[in-house]
Every structure is written in C-alpha cells, then in structure tokens.
There are 2 protein chains.
Amino acid sequence: MKPYVLVIEDEDAILTLLEYNFRKEGYEVGLATDGEMGLLMASERTPDFIICDWMMPKLSGVEVCRRLRRRDETRATPIIMLTARGEEADKVTGLDFGADDYIVKPFSVPELLARVRAVIRRSAPSLLEDVIRHGTLEIDLKAMRVKYAGQDLHLGPTEFRLLEHFMRSPSRVYSREQLLDKVWGRDVYVEARTVDVHIGRLRKALKSMGGHDPIRTVRSAGYAFETSVLSD
Amino acid sequence: MKPYVLVIEDEDAILTLLEYNFRKEGYEVGLATDGEMGLLMASERTPDFIICDWMMPKLSGVEVCRRLRRRDETRATPIIMLTARGEEADKVTGLDFGADDYIVKPFSVPELLARVRAVIRRSAPSLLEDVIRHGTLEIDLKAMRVKYAGQDLHLGPTEFRLLEHFMRSPSRVYSREQLLDKVWGRDVYVEARTVDVHIGRLRKALKSMGGHDPIRTVRSAGYAFETSVLSD
DNA sequence: TAGCTTTCGCAAAACTTTCATAATTCTGTT
DNA sequence: AACAGAATTATGAAAGTTTTGCGAAAGCTA
C-alpha cells in the first residue's frame, strides 16, 4: 500500500542516501545500479514513480526514459531525472524525452522530497493523502486512526488494512483470495474463510456506531465496499 | 464468461508461470505442451486469444499459426508469439504468418499481460469492458451490479452470469445446451430444462422493475436477448 | 496476560435443481 | 376457421446444495 519508488543510479553513495530517506518517508524503495536493471525491475513491479540518473553506464537516463514511455504500464509513471551541474543545459532534452522533472546534483534531500511530492501530487494525488474520506467515514493512514461520524473508532491491525484497501478501491468486488493477496500479502498461507471473520469484525465495528453496513456480500464472488450508503 | 486463453508452450516452467498469472488475472486457461495438442484444443473450444511458443518440437509456432489461420473459427483469433532472444530477427516472419504480436523471452509478467490487454483491446474490446449497457439496463462486471432504469437490481449468481452472456451477445438465439456451455461451464451435468427456470427468474427480476421482457423465447430453439425493447 | 488472528463447526440464508402441473403454441384435419 | 392432440414452455413448490454469518475455542506474539 505504500508508494513504491524505483531509484536507478550508479553512484552507490547517492543510492544509499536516497534509500534511507525514502524509507524514512514511508516509501517502499527499489534500487537499480544501471539502466538495464532499472528497466527489468520496472517491469517486475510497476513503480509509482522513478528517480533516474542522467549519466549512467550502458543505458543513459534518456534512453531509460524513452523505453519506459514505450510500455503501457510505465507510460504515465512520473520520472525525475538527476543531472550533474554541467549537464544543466540538457534539461530540455530530458523533459522532452519524457521526464516529469529534473533536479541538479548535488541536491538537498528536502528539496528532492519536495519535488517528488509535487510530481506525485500532479499524477497520483491519492498516494500522498494521509486521510481518505467517504461520506462520514474517514481513515487516517499516517495516524492509523478511523473516524466515523466524528467519533473515533478502534480497529485491529487487520481490520484497519482491510478498511484501507476498501476505501482505496471501493465499489468493486474482491474475492477472498484477492483480499488475502492485497491485505495480508502475497505469500501468506491463510484459509480463505478467515477473511469472513475479519469482514464480520469490521462490519460489527462500523455498525456499532450506527449507520448502514457499507460492505456488500456478493455470494459466490466475494465482498465489495459501497460508499453510497455512507451519507455525508 | 471469462476470456479463455490457450497457452501452447513446451517448457513446463513457463507454462506454469503463465497458468498461474492468467488465472489470477481472471482468465480461463488451457494448456498445451506441443503444437499438435494446441491445434486440437483450439478446435475443441475456440480461445479468445492464444499464446504460442515459437520453437517447439513437432510443429513449430509458425506452422501452428498458419494452420490456425486456415480455420474459420480461429482466423481472427489474436495470437501472441513467444520467441527466444536470438530469434528476434525473425519477428517479421512471425507477424507475417499471422501472429498479432510477439514477445521476447525472458519476459516480465506485467509486460506480457499488458501486451495481451493491448491485443484484446484491438480485437475484442468487450472482453475488457467493466460495464455493458443496453438502453436503460446496465451490468457492471467488476462491481457485480445490475441497474435497470437507475435502480439497483439484485440477481443470484447464475442469473447474473446469464444476463452477462446475453448482454455480451444480444439478438441471437442460444439453445439451452449452448447456454449451459457458456453460462454454467463445459463440464457441468445439468438438465437442459433447468435453464428455463433461470430464464424465468431473470425475467421476473427484470419485469419486477417495469418495462418489457427483453428475453424472447424461440420455440424449439432456445432463447434470445433483444435489446430493442430496452428503450433509452 | 492482553490483544489479536486463525480455525472450526453449526445454523441460517441464499441459491440451484428437479419435478409436477398449468399454460401456451403449433400441427394436421375436418 | 375451428378443434383436438401433440409438443413445448412457464411456473410454483419441494428438496437438495452451497455459501455465508457468527460464536467460541485455540494459537500467536509481545
């Protein structure tokens, strides 16, 4: 559920710096030390955005950009280029090749993070949101709190993540297996029926504060979260 | 009702990989370990698209392609070829022989899935649609909801799939046997008359919300879904 | 121990299938 | 045209099956 950032950069020092700082900001980080590796990693898991060095052995940053733009999954993925001071003049080229922003080395970490937030705000604002609201129900992801009709609502960790997932993608049906994938994690071996129990607990918690049950059971298919009953 | 993909590939590892991933994406998967078996399976049930390895024992991928193109049912079926890196130069030949796209091994799963979606988008976009509408009746396949004249309409799983099938291919008559095949699944042993009961229930549900009955009974032949009575 | 998560089992609910019978449509004949 | 009889479909109800809700117990982890 955290944003996944892919850093493609051949200088170890910068790689480490960025990894540390992005982690601290709550991103998941993928590291690639050259362009080819970057492309490979980008196709294994589509990043939410990409930091890419301009000058690299093998594939240049421009080339990486170009190739990423040719693929459907990464066509719209924000890319921020890192360029050394002398290369500044090329900035137009970088943006032409599909980068969304560029930043000159040496850069300050806060500056980079600010740029990143700016870029994300343009392309996928929901990743930055600390709180998601639907009607009178709101979930604060950073503070890990849920409020319903102004009242605090306590949920266990699993119910919290379940609600988070539902609030992020409401209205569509997820099978128990899909929910296990998305909420529990890929390689967790848990009985599918366990989902029922947590759905039940989430329902009970929500109902305990009045209002209708926003979770719709779809027989022989799974569950869906309906925002429509959460009146404002 | 899920898209049916036929994978023809002699390497077990890849076969398993593709089966797992296509299943997860909601496709039905047929597996063939050589060209001959692939052709056989393609004639038993016409796939929505085909993934076919280039180099295979017995029949090569090119030959499989060619033969599939000679048959009426598979003449237009999209085919994606899997080629090893060195064979890249032959790509033109592959496409000439009727493949719609090709992808080089080793490939990333998201990349393959993206290509598949692209190919389907060209050839049978309705398979990717989330909602199908005819007049005032709409069925949302992801949310698994049916709306009629703006109102929510609850259907049981079988009625839902039945309606899905009718909405996908309206205006033509299906025999009870064909409906059992398409809606219930190939290897289900159910009395043909059972279809009547479900048709009846679907009709009742639709009629309960006013409007005319869009299902036409064709005596001694089956049923057809008429969109014309679903005024806008 | 407290606070969760997971599994289990049973009852309730939702759905399917089959069957019997009523209703309809068709066919051939007068 | 009209009618009987045959064929086919509609439908209500019963029986059977599958799936879900829920309480409770057992298992984890800090």
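The figures here come from the full heavy-atom set of this structure, side chains too, leaving out hydrogens, waters and symmetry mates. A note on names: the letters A, B, ... follow the listed sequences, proteins ahead of strands, and every chain is numbered from 1.
- Whole-Å rounding puts the A/Lys204 NZ to D/dG23 C1' distance at 9 Å.
- When distances are taken from the side chain of B/His198 to each of C/dT7, C/dT18, C/dT16, the shortest belongs to C/dT16.
- As a whole-Å value, the separation of A/Leu202 CG from D/dC22 C1' is 15 Å.
- Residues B/His165 and B/Trp184 keep their aromatic ring centres 6.0 Å or farther apart.
- Taking the side chain of A/Val197 as heavy atoms from C-beta on, and the options C/dT17, D/dT20, D/dG23, the nearest nucleotide is D/dG23.
- OP1 and OP2 of C/dC15 both lie 4.0 Å or more from every side-chain N or O belonging to A/Ser220.
- Residue B/Arg201 contributes atom CZ, which lies 8 Å from atom C1' of C/dT17 at whole-angstrom precision.
- The shortest distance between the side-chain N/O atoms of B/Arg219 and the OP1/OP2 oxygens of C/dC26 is not below 4.0 Å.
- The side chain of B/Thr158 contributes an N or O atom lying less than 4.0 Å from OP1 or OP2 of C/dT16.
- A donor-acceptor contact closer than 3.5 angstrom is absent between the side chains of A/Arg216 and A/Ser228.
- A/Arg176 places its CZ atom 16 Å from the P atom of D/dT18, with the value rounded to the nearest Å.
- For the OP1/OP2 pair of C/dT5 and a distance below 4.0 Å, the side-chain nitrogens and oxygens of A/Trp184 include no atom meeting the criterion.
- Remark: A/Thr217 is in phosphate contact with D/dG21, judged by side-chain N or O atoms under 4.0 Å from OP1 or OP2.
- Checking the phosphate oxygens (OP1, OP2) of D/dT20, no side-chain nitrogen or oxygen of A/Arg193 falls inside 4.0 Å.
- Computed from coordinates, the A/Ile215 CD1 to D/dC22 P distance equals 12 Å when rounded to whole Å.
- Between the CG atom of B/Leu155 and the P atom of C/dC15 there is a distance of 9 Å, given to the nearest Å.
- For B/Ser175 and B/Tyr223, the side-chain atoms include no donor-acceptor pair closer than 3.5 Å.
- Residue B/His154 places at least one side-chain N or O closer than 4.0 Å to OP1 or OP2 of C/dC15.
- What separates CZ of A/Phe160 from C1' of C/dT5 is a distance of 17 Å, to the nearest Å.
- Regarding B/Arg216, its CZ atom lies at a distance of 14 Å from the P atom of C/dT25, rounded to whole Å.
- For D/dG21, the OP1/OP2 oxygens have a side-chain nitrogen or oxygen of A/Tyr223 closer than 4.0 Å.
- Ring-plane geometry between B/Phe22 and B/Tyr27 is classed as perpendicular, the angle between the planes exceeding 60 degrees on a 0 to 90 degree scale with a lower cut at 30.
- At most 12 non-hydrogen atoms from other residues, nucleotides or ligands lie less than 6.0 angstrom from OH of A/Tyr20.
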